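First comes the structure, then the notes that go with it.
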Amino acid sequence: MAENEWLNKDFYATLGVSKSATPEEITKAYRKLARKYHPDLNKTKEAEEKFKDISEAYDVLNNKEQRQRYDAIRQFGMGGARFTGGSGSGGAYSSADFSDLFSSMFGPSAAGSGGQNIHFTTTGSGPEGMNLNDILNMMGGMGGSGASGSTGSFNSYSPRSHGAGNGNPFAPQEESHEPVRGGDKNASITLSFRQAVKGATISLGSLGKKFKTHIPAGVKNGQKIRVPGKGKVGRFGGANGDLYVHVTVQPDPVFTMDGRDLKMTLPLTYGEAALGATIEGQDLFGNPLEVEVPAGSSSGTEIRLPGRGVHTRKGTGDLIVVTSIRVPQKLNAKQKKAVENLESLTADFKESIAQKRTGSKR
């Protein structure tokens, strides 16, 4: 905004800080209000206007030079320097030249008209105890030599040599803002177990555009994948936020994932487990699989097949086959007799199992 409008703006009150607030206190107050009224967080029209006001106030008070100019201009408007019309010498200043100064600060209407001389008195009665000499010194060492409370004159100021574009401290300045990072966004996807093991390329939408991103092999159920720069747009040159993709993995009836390893359950008959066997099957992706089951395997025996697990950038896991002995639910008389004969023939084994169940030593 133009600096001649600063007279009507109390930036300190807008941020809720005192006129002696430190830069740290000003920044802290701004951030607190920005979180409350930022348009991304508060969608009301009143919040939008409030955010503009606090941003405007912060832009001025956070800049040392602009804050000094603001205080000086407010000083003029609040009566910190008193000007009186009259004639005579010593402290006299031509109103034609003086109007150039006020015009550069407040616009053409702010300066007086006519050819009379203007006298001024520095009183030091404004905010922060500032007087006219203080204000003129801020303008580039242009103040008179009089002390506070005395009469002085503009004896070194040439308004035409200090206009806009020539170092005039009251010339309108470009607004500046601290970069504000955009907020993060969230998205959800559901993958089959095979997609999670192998990795997948998915299509997503953000910032009004469609794009594709790769989900790495071995992603777990409930894992979040970060997609940089695809969140909300940053402000004032700030970076965009990120997009976080929440992954749900559908379970598989046979396979599970343990880190980079895959696990599968291999059903066996009693005879295959007891005598050993070569079992043919398929892996997760339908490739042929041969598993050599050692004789005397029990349920829960793990057989590791190297390099048949999840392929990731950090390495490849194994396929772990876990045996599970199954028995018939119903037996006819002949089958029952055969099992009873086997039990009698393996009495010592039966006895050792009984001891493990009871924990007794015989």
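Owing to the predicted nature of the structure, the values given are computational and were not obtained by experimental measurement.
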The test is salt bridge (charged side-chain N to carboxylate O under 4.0 Å, His left out); show your working for Arg308 and Asp283 and say whether it passes.
CA-CA 8 Å; Arg308 302 295 291 267; Asp283 65 12; 3.3 Å; yes

Using the rule given for side chain to side chain contact (heavy atoms under 4.5 Å, CB included), can you reason through Lys198 versus His311, listing the C-alpha separation, both sets of side-chain angles and the distance that settles it, and then say yes or no?
CA-CA 7 Å; Lys198 193 173 183 179; His311 297 270; over 6 Å; no

Step-by-step salt bridge (charged side-chain N to carboxylate O under 4.0 Å, His left out) determination, Arg260 to Asp318:
CA-CA 7 Å; Arg260 291 195 294 267; Asp318 301 331; over 6 Å; no

Go through the steps to decide whether Val293 and Leu268 satisfy the test side chain to side chain contact (heavy atoms under 4.5 Å, CB included), and finish with yes or no.
CA-CA 9 Å; Val293 179; Leu268 297 175; 3.7 Å; yes

Evaluate the side chain to side chain contact (heavy atoms under 4.5 Å, CB included) criterion for residues Lys230 and Lys209: first the C-alpha distance (whole Å), next the side-chain angles of each, then the deciding distance (0.1 Å), finally the verdict.
CA-CA 10 Å; Lys230 295 299 183 181; Lys209 296 181 179 179; over 6 Å; no

Under the side chain to side chain contact (heavy atoms under 4.5 Å, CB included) rule, what do Arg35 and Lys32 come out as? Steps first, then yes or no, please.
CA-CA 5 Å; Arg35 285 193 294 269; Lys32 180 179 179 180; 4.1 Å; yes

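The line from CD1 of Ile215 to OG1 of Thr201 is 8.5 Å long, rounded to the nearest 0.5 Å. Of the inter-residue distances, the one linking Lys334 atom NZ with Lys337 atom NZ reads 13.0 Å to the nearest 0.5 angstrom. Between the CG atom in Leu289 and the CG atom in Leu319 there is a gap of 6.0 Å [rounded to 0.5 Å]. Distance CG/Asp71 to CG/Leu61: 7.5 Å, rounded to 0.5 Å. Atom OG in Ser299 sits 8.0 Å away from atom CZ in Arg326 (nearest 0.5 Å). Atom CD of residue Glu178 and atom OG of residue Ser55 lie 10.5 Å apart, to the nearest 0.5 angstrom.
Atom CZ of Phe349 sits in a sparse spot, with 12 or fewer heavy atoms from other residues, nucleotides or ligands closer than 6.0 Å. Around the CG atom of Asn287, the shell of radius 6.0 Å holds more than 12 heavy atoms that belong to other residues, nucleotides or ligands. Few gaps surround NZ on Lys185; more than 12 heavy atoms of other groups in view lie less than 6.0 Å from it. For Lys220, the NZ atom is densely surrounded, since the number of other residues' heavy atoms within 6.0 Å is greater than 12. Counting heavy-atom neighbours within 6.0 Å of Glu65 CD, excluding the residue itself, gives a total of 12 or less.
Salt-bridge check for Asp242 with Arg181: passed, with a basic side-chain N closer than 4.0 Å to an acidic carboxylate O. Here Lys232 does not pair with Asp40 in a salt bridge; the nearest charged N to carboxylate O distance is not below 4.0 Å. Note on Glu48 versus Lys43: no salt bridge recorded, every NZ/NE/NH1/NH2 to OD/OE distance being 4.0 Å or above.
Taking the side chain as every heavy atom from C-beta outward, Thr27 and Arg31 approach each other to under 4.5 Å. A heavy-atom distance below 4.5 Å is found between the side chains of Glu343 and Lys350. Proximity of Leu305 to Val321: side-chain heavy atoms (C-beta onward) are separated by under 4.5 Å at one or more points. Residues Glu272 and Thr269 are in side-chain contact: their nearest non-hydrogen atoms beyond the backbone lie under 4.5 Å apart. Counting heavy atoms from C-beta on, the side chains of Val310 and Thr316 never come closer than 4.5 Å. Put simply, the side chain of Tyr270 reaches to within 4.5 Å of the side chain of Leu342, judged on heavy atoms. Residues Ile26 and Arg67 meet the side-chain proximity criterion, which asks for heavy atoms closer than 4.5 Å. The shortest side-chain heavy-atom distance between Ser206 and Phe211 falls under the 4.5 Å cut-off.
A donor-acceptor contact shorter than 3.5 Å is absent between the side chain of Thr301 and the backbone of Thr323. Without hydrogens or angle criteria, Asp184 side chain to Gly231 main chain gives no donor-acceptor distance under 3.5 Å. Looking at Ser344, its side chain does come within 3.5 Å of a backbone N or O of Asn341 through a donor-acceptor pair. When atom types are taken as modelled, the side chain of Glu25 and the backbone of Thr22 share a donor-acceptor pair closer than 3.5 angstrom.
No continuous path of ILVMFWY side-chain contacts below 4.5 Å connects Phe285 to Ile320, so the two sit in separate hydrophobic clusters. Hydrophobic clustering keeps Leu345 apart from Leu275 (ILVMFWY residues linked when any side-chain heavy atoms are closer than 4.5 Å, directly or through intermediates). Tyr58 and Val180 fall into different hydrophobic clusters, where Ile, Leu, Val, Met, Phe, Trp and Tyr side chains are chained together by heavy-atom contacts under 4.5 Å. When hydrophobic clusters are built by joining Ile, Leu, Val, Met, Phe, Trp and Tyr residues whose side-chain heavy atoms come closer than 4.5 Å, directly or via intermediates, Phe193 is grouped together with Leu266.
Contact between Ala217 and Thr312 at its shortest, heavy atoms only, is O-CG2, 3.7 Å. In this structure, Leu284 and Val197 approach most closely via the heavy-atom pair CD2-CG2, 3.8 Å. When every heavy atom of Asp59 is checked against every heavy atom of Gln66, the shortest pair comes out as O-NE2, 4.2 Å. When all heavy atoms of Gly237 and Pro179 are compared, the pair lying nearest together is C-CB, 4.2 Å. Across Ile303 and Pro294, no two heavy atoms sit closer than the pair CD1-CD, 4.0 Å. Nearest heavy atom pair, residue Ile325 against residue Ala273, reads CD1-CB, 3.5 Å.
Taking the six-membered ring for Trp and the full ring otherwise, the centers of Tyr37 and Phe51 sit at least 6.0 Å from each other.
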Which pairs of donor and acceptor atoms, one on a side chain in residues 244-257, lie under 3.5 Å apart (sequence neighbours left out)?
{"unit_1": "His246", "atom_1": "NE2", "unit_2": "Asn186", "atom_2": "OD1", "d": "3.1"}
{"unit_1": "Asp252", "atom_1": "OD2", "unit_2": "Val254", "atom_2": "N", "d": "2.9"}
{"unit_1": "Asp252", "atom_1": "OD2", "unit_2": "Phe255", "atom_2": "N", "d": "2.9"}

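Note on ring orientation: taking the six-membered ring where Trp is involved, the planes of Tyr70 and Phe11 are parallel (angle under 30°, cut-offs 30° and 60°).
Side-chain contact check for Arg74 and Tyr12: no donor-acceptor pair (N or O, by modelled atom type) lies under 3.5 Å.
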